[in-house]
Amino acid sequence: MPVVVRFAPSPTGYLHIGGARTALFNWLYARHTGGKFLLRIEDTDRERSSQEAINAIFDSLKWLELDWDEPPVFQFARANRHAEVAHKLVKEGLAYRCYCSKEELEQMRADAMANGLPPRYNGYWRNCEETPPKGINPVIRFKAPQVGKTIINDMVQGTVELENSQLDDMVLLRADGTPTYMLSVVVDDHDMGITHVIRGDDHLTNMFRQYHLFKACKWAVPEFAHIPLIHGADGAKLSKRHGALGAEQYKEAGFIPESMRNYLLRLGWAHGNDEIISTQQAIEWFDVCDVGRSPARFDLQKLLNLNGHYIRQSENQRLFDLIYPLLKSDKFTDRVFSGMTGLKQRAKTINELADSASFYLERPSFDEIFSETNLQTRLNESSLVYLAQFMEILRKLVTFKEGEIDSFIRSFCKEQCVKLNDFLTPARIALTGSHVSPSLFEVINVLGREECMGRVEACISYFKTL
RNA sequence: GUUCCCAUCGUCUAGCGGUUAGGACAUCGCCCUUUCAAGGCGGCAACACGGGUUCAAGUCCCGUUGGGAACGCCA
């Protein structure tokens, strides 16, 4: 039977990192097996669902390049079908009406807690002969099995058992007639032909309740794979407190999708000692069965490292397109493009890359630079001499190609018995406004003779005013 | 409180009864070097604890401890 999986977020906020990983695992499993990856928007909570959130989810998935195979299913639109199933179950005696008020339910939970029992509905109306109170809209509850135990083989968690006495009679249909999550997922998963449910392990206990609902409906029960949640650096479930960002925000922070995918993939899954894994390779290797059972902590450093790696691997044109909107000026952007090979070696994020390119766009402000002590200490009396000599070199260079610049400056330093580093430091500051930059020979070449001379001259005259 | 899940370097992990317990990130040192990165080499660094089973346990079993999750007319 061909595999059909789904990613089913509720649109109550952005797509967070954990959701992104769940989506990735579903997607990889579908691609690995040649099955289908479907999307379902669980928007039955009308209060909390929003169009913005729906858009954010779509945008994030698109950014991560996790494409889905059929138009997304919107759960709320299927409410009638869900209700129909609930009423059928009532007719068959597998579900029943419950007239308890909120207060009564709260009391039940409090009582249960006090008696050392899990806080649950006590099944009051399950077999109640009492005539229903007037003026109260009942909810429909599922008759969960009360004896025996349920054993399910989860693809990630292994064999998981639960005493049926732990199950309570969950609400299927609310008093206003709308379906609850428990009902909707089961009906939709069945109707969509889902064969494998891959989701966060916060749903592990739901699996048991849903299992019995599948059985009551006489439907095939899908395979389950409950993957561990991602935790923050302190070990607790990732939340806003940890700076848990939406996928969109990682994009804004300058991460690129392939590094996100690679990072997320390695959280809870490994293929021997492989760290850098292309998406093609991941599709070939990935299987949900191999996902670990212990939760992983989110580590920004590793993501950053991976991002740097993939930036270095990227085509210059692509990087240029990515940083173009971030550049402070649209003059001289051709220099940024020309200098990309040197720039991309040094950036961990797209934003860093854009920042590091700024000296190509405009001349350094020596006012600011010279107020920085770490630059001042790199300059001394001889710096002025070197800058003057550097001016001469710039004038004399014939072809002004990187190779020529390189050998010319090297031999000059050799003749003068000057350390290359000592000679280049003031030039670097004059040209880039920083003591950190790509190879200076590349910078000189990209900037061109005129601009280089202009910058050095400006630096010299500023130096003299000190 | 109850139920379920988890437990190898700081972090992500490899390991699937016999290993000098491997890799990666981070960190530290050295090399390379025009700065910074990148790269190369090396260092520090882990089987939570206690019982079993076994000739042999990081690996299997049971406890303990510690973490996490779930217990809604949320999803």
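Any value given below was found using the heavy atoms of this structure, including those in side chains, with hydrogens, waters and symmetry copies removed. Naming: A, B, ... by sequence-line order, numbering from 1 per chain.
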Toward the 5' end of RNA chain B, by each residue's nearest nucleotide, Asn421(A) or Asp274(A):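 The residue closer to the strand's 5' end, by nearest nucleotide, is Asp274(A).
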Backbone N or O of [Y] within a donor-acceptor pair of the [X] side chain at under 3.5 Å?
X: Arg293(A); Y: Pro228(A); value: no
X: Arg109(A); Y: Pro119(A); value: no
X: Glu442(A); Y: Gly342(A); value: yes
X: Ser411(A); Y: Phe408(A); value: yes
X: Arg97(A); Y: Arg141(A); value: no
X: His87(A); Y: Ala83(A); value: yes
X: Asp154(A); Y: His226(A); value: yes
X: Gln107(A); Y: Glu103(A); value: no

[X] [atom1] to [N] [atom2], straight-line distance once rounded to whole Å:
X: His435(A); N: A37(B); atom1: NE2; atom2: P; value: 9 Å
X: Glu163(A); N: C4(B); atom1: CD; atom2: C1'; value: 12 Å
X: Arg297(A); N: U11(B); atom1: CZ; atom2: P; value: 6 Å
X: Gln301(A); N: A26(B); atom1: CD; atom2: P; value: 7 Å
X: His203(A); N: A70(B); atom1: NE2; atom2: P; value: 9 Å
X: Ile311(A); N: A37(B); atom1: CD1; atom2: P; value: 16 Å
X: Glu106(A); N: C73(B); atom1: CD; atom2: P; value: 10 Å
X: Leu300(A); N: C25(B); atom1: CG; atom2: P; value: 15 Å

[atom1] gap between [N] and [M], integer Å:
N: U54(B); M: C60(B); atom1: C1'; answer: 10 Å
N: A7(B); M: C44(B); atom1: P; answer: 28 Å
N: G29(B); M: G66(B); atom1: C1'; answer: 35 Å
N: G40(B); M: C32(B); atom1: P; answer: 16 Å
N: U20(B); M: G58(B); atom1: P; answer: 13 Å
N: G39(B); M: G1(B); atom1: P; answer: 49 Å
N: C9(B); M: C55(B); atom1: C1'; answer: 31 Å
N: C36(B); M: G18(B); atom1: P; answer: 47 Å

Tyr96(A) vs Phe142(A), ring pair (Phe, Tyr, Trp, His ring centres under 6.0 Å): CA-CA, chis, key distance, verdict: CA-CA 7 Å; Tyr96(A) 62 95; Phe142(A) 180 64; 9.4 Å; no
When both hydrogen-bonding distances must be under 3.5 Å and the geometry is Watson-Crick or G-U wobble, what is [N] paired with, if anything?
N: U34(B); result: none
N: U3(B); result: A69(B)
N: C44(B); result: none
N: C16(B); result: none
N: A24(B); result: U11(B)
N: C60(B); result: G52(B)

Touch class at under 4.0 angstrom, heavy-atom based, for Val139(A) against every strand present: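 The answer is base, as Val139(A) lies within the cut-off (heavy atoms under 4.0 Å) of a base atom.
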Touch class at under 4.0 angstrom, heavy-atom based, for Ala175(A) against every strand present: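 Ala175(A): base contact, heavy atoms under 4.0 Å.
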Of the options [options], whose atoms approach the side-chain atoms of [X] most closely?
X: Pro119(A); options: A75(B), G1(B), C73(B); value: G1(B)
X: Arg293(A); options: C73(B), G23(B), C6(B); value: C6(B)
X: Lys302(A); options: U34(B), A14(B), G23(B); value: G23(B)
X: Arg266(A); options: A69(B), C12(B), G1(B); value: C12(B)
X: Leu229(A); options: A75(B), U2(B), A69(B); value: A69(B)
X: Phe441(A); options: U35(B), U11(B), U34(B); value: U34(B)
X: Ser294(A); options: G68(B), C6(B), G10(B); value: C6(B)
X: Gln157(A); options: U13(B), C5(B), G1(B); value: C5(B)
X: Asp45(A); options: A7(B), A75(B), G72(B); value: A75(B)
X: Val436(A); options: U35(B), C4(B), C73(B); value: U35(B)

RNA chain B-proximal residues of residues 337-353 of chain A, any heavy atom under 4.0 Å: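 Those residues are Gln345(A), Arg346(A), Lys348(A).
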Can a side chain N or O of [X] be found less than 4.0 Å away from OP1 or OP2 on [N]?
X: Arg48(A); N: A75(B); answer: no
X: Thr44(A); N: A75(B); answer: yes
X: Asn305(A); N: A26(B); answer: yes
X: Arg209(A); N: A70(B); answer: no
X: Arg109(A); N: G72(B); answer: yes

Aromatic plane relationship, Phe298(A) with Tyr263(A) - under 30° parallel, 30 to 60° tilted, over 60° perpendicular: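 The arrangement is perpendicular - the two ring planes meet at more than 60°.
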Whether Phe286(A) and Phe25(A) hold their rings parallel, tilted or perpendicular, with breakpoints at 30° and 60°: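 Tilted: the ring planes of Phe286(A) and Phe25(A) meet at 30° to 60°.
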Check: U3(B) base within 3.5 Å donor-acceptor of Thr205(A) side chain: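 Check fails, no donor-acceptor contact within cut-off.
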